[in-house]
Participant: 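Mind looking over this structure? Questions follow.
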Amino acid sequence: MECQAVQTQLSAWLDDELSEATGAMLTAHLSRCEACRREFLQLKALDDALGNLAAPVPIGLASTVAAKIRRPSRRSGWQAVALAACLVLGIALGGTMARTFYGGAASNEAGAEVASLEVFNDFPQGSLGAVVASYQPEEGNGNLQ
């Protein structure tokens, strides 16, 4: 290996980011090359010094940060109801749009709607879309006809 290539990889070697084969080549080069060995020792000394450096925390930092953090306000009851209504409306509209878009039902001889098996090719198995597209109202479920 050339000295320039070795010196660019010394930092990665100190951080254990190189493969064992590359590490073995660097060790072999450092045993022969005084300049690269000197560079490695300086880099290692710098790494050790920076690793042992203490960073003091300013006094009162935790209380200052805690004072600046606002507590989340609680939602009132009508906001929770509005969010729930939006969720139900979104699910209902999504189901209606999926049924309209994919068509999913055809009539048989008795006039009842029968879900087409082709619908299941458009949705992943077990997904909400597959359930909505295959839904057929039962007789006697309380709906007036």
Side-chain angles (χ1 to χ4, degrees), residues 1-30 36-145:
M1 291 184 89
E2 294 183 20
C3 291
Q4 185 177 5
V6 169
Q7 290 179 3
T8 58
Q9 294 181 347
L10 287 177
S11 179
W13 190 38
L14 277 173
D15 294 336
D16 292 326
E17 296 175 353
L18 299 179
S19 66
E20 289 182 23
T22 306
M25 290 179 5
L26 288 174
T27 303
H29 181 84
L30 291 177
C36 289
R37 188 170 43 252
R38 215 175 318 117
E39 180 74 22
F40 172 72
L41 292 175
Q42 288 176 350
L43 190 59
K44 183 162 177 34
L46 178 63
D47 186 53
D48 291 341
L50 289 175
N52 295 328
L53 190 63
V57 177
I59 297 172
L61 177 66
S63 59
T64 304
V65 170
K68 290 184 180 185
I69 295 176
R70 289 187 292 157
R71 301 274 181 222
S73 62
R74 296 192 51 106
R75 288 195 168 99
S76 63
W78 67 269
Q79 285 178 324
V81 170
L83 287 173
C86 287
L87 179 63
V88 169
L89 182 65
I91 291 172
L93 285 176
T96 303
M97 290 174 66
R99 190 176 249 310
T100 303
F101 183 73
Y102 289 104
S107 296
N108 63 5
E109 299 84 35
E113 290 184 352
V114 179
S116 171
L117 292 177
E118 294 173 3
V119 171
F120 295 106
N121 293 334
D122 296 329
F123 297 103
Q125 183 178 4
S127 71
L128 182 61
V131 171
V132 169
S134 66
Y135 175 74
Q136 294 182 3
E138 298 176 15
E139 294 179 22
N141 65 357
N143 291 339
L144 298 175
Q145 297 193 6

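The basis for the numbers below is simple: all heavy atoms, side chains too, and nothing from hydrogens, waters or symmetry mates.
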Participant: Locate the shortest heavy-atom distance separating Thr22 from Gln9; write the atom from each residue and the value.
Facilitator: CG2-OE1, 3.5 Å

Participant: Partners of Gln42 by side chain to side chain contact (heavy atoms under 4.5 Å, CB included), sequence neighbours excluded?
Facilitator: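 In terms of side chain to side chain contact (heavy atoms under 4.5 Å, CB included), with neighbours along the sequence ignored, Gln42 is linked to Glu39.
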
Participant: Hey, what do you get for CE (Met25) to CG (Leu30), rounding to the nearest 0.5 Å?
Facilitator: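 Between Met25 CE and Leu30 CG, I get 11.5 Å after rounding to 0.5 Å.
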
Participant: Which pair of heavy atoms, one from Cys36 and one from Leu10, lies closest together, and at what distance?
Facilitator: O-CD1, 4.2 Å

Participant: Is the side chain of Asp47 donor-acceptor paired with the backbone N or O of Leu43 at a distance under 3.5 Å, no angle test?
Facilitator: no

Participant: Are any non-hydrogen side-chain atoms of Thr27 and Trp13 less than 4.5 angstrom apart?
Facilitator: yes

Participant: What I'd like to find out is whether the side chain of Glu17 reaches to under 4.5 Å of the side chain of Ser11, using heavy atoms alone.
Facilitator: no

Participant: Please give me the minimum heavy-atom distance between Pro56 and Ala54, naming the atom from each residue.
Facilitator: CD-O, 3.4 Å

Participant: Please check if the number of heavy atoms outside Leu61 that lie under 6.0 Å from its CG is greater than 12.
Facilitator: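 Yes, the 6.0 Å shell around CG holds more than 12 heavy atoms from other groups.
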
Participant: Among residues at least two apart in sequence or on other chains, which ones pass salt bridge (Lys or Arg N to Asp or Glu O under 4.0 Å) with Arg38?
Facilitator: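 Salt bridge (Lys or Arg N to Asp or Glu O under 4.0 Å) check on Arg38 returns nothing, list empty.
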
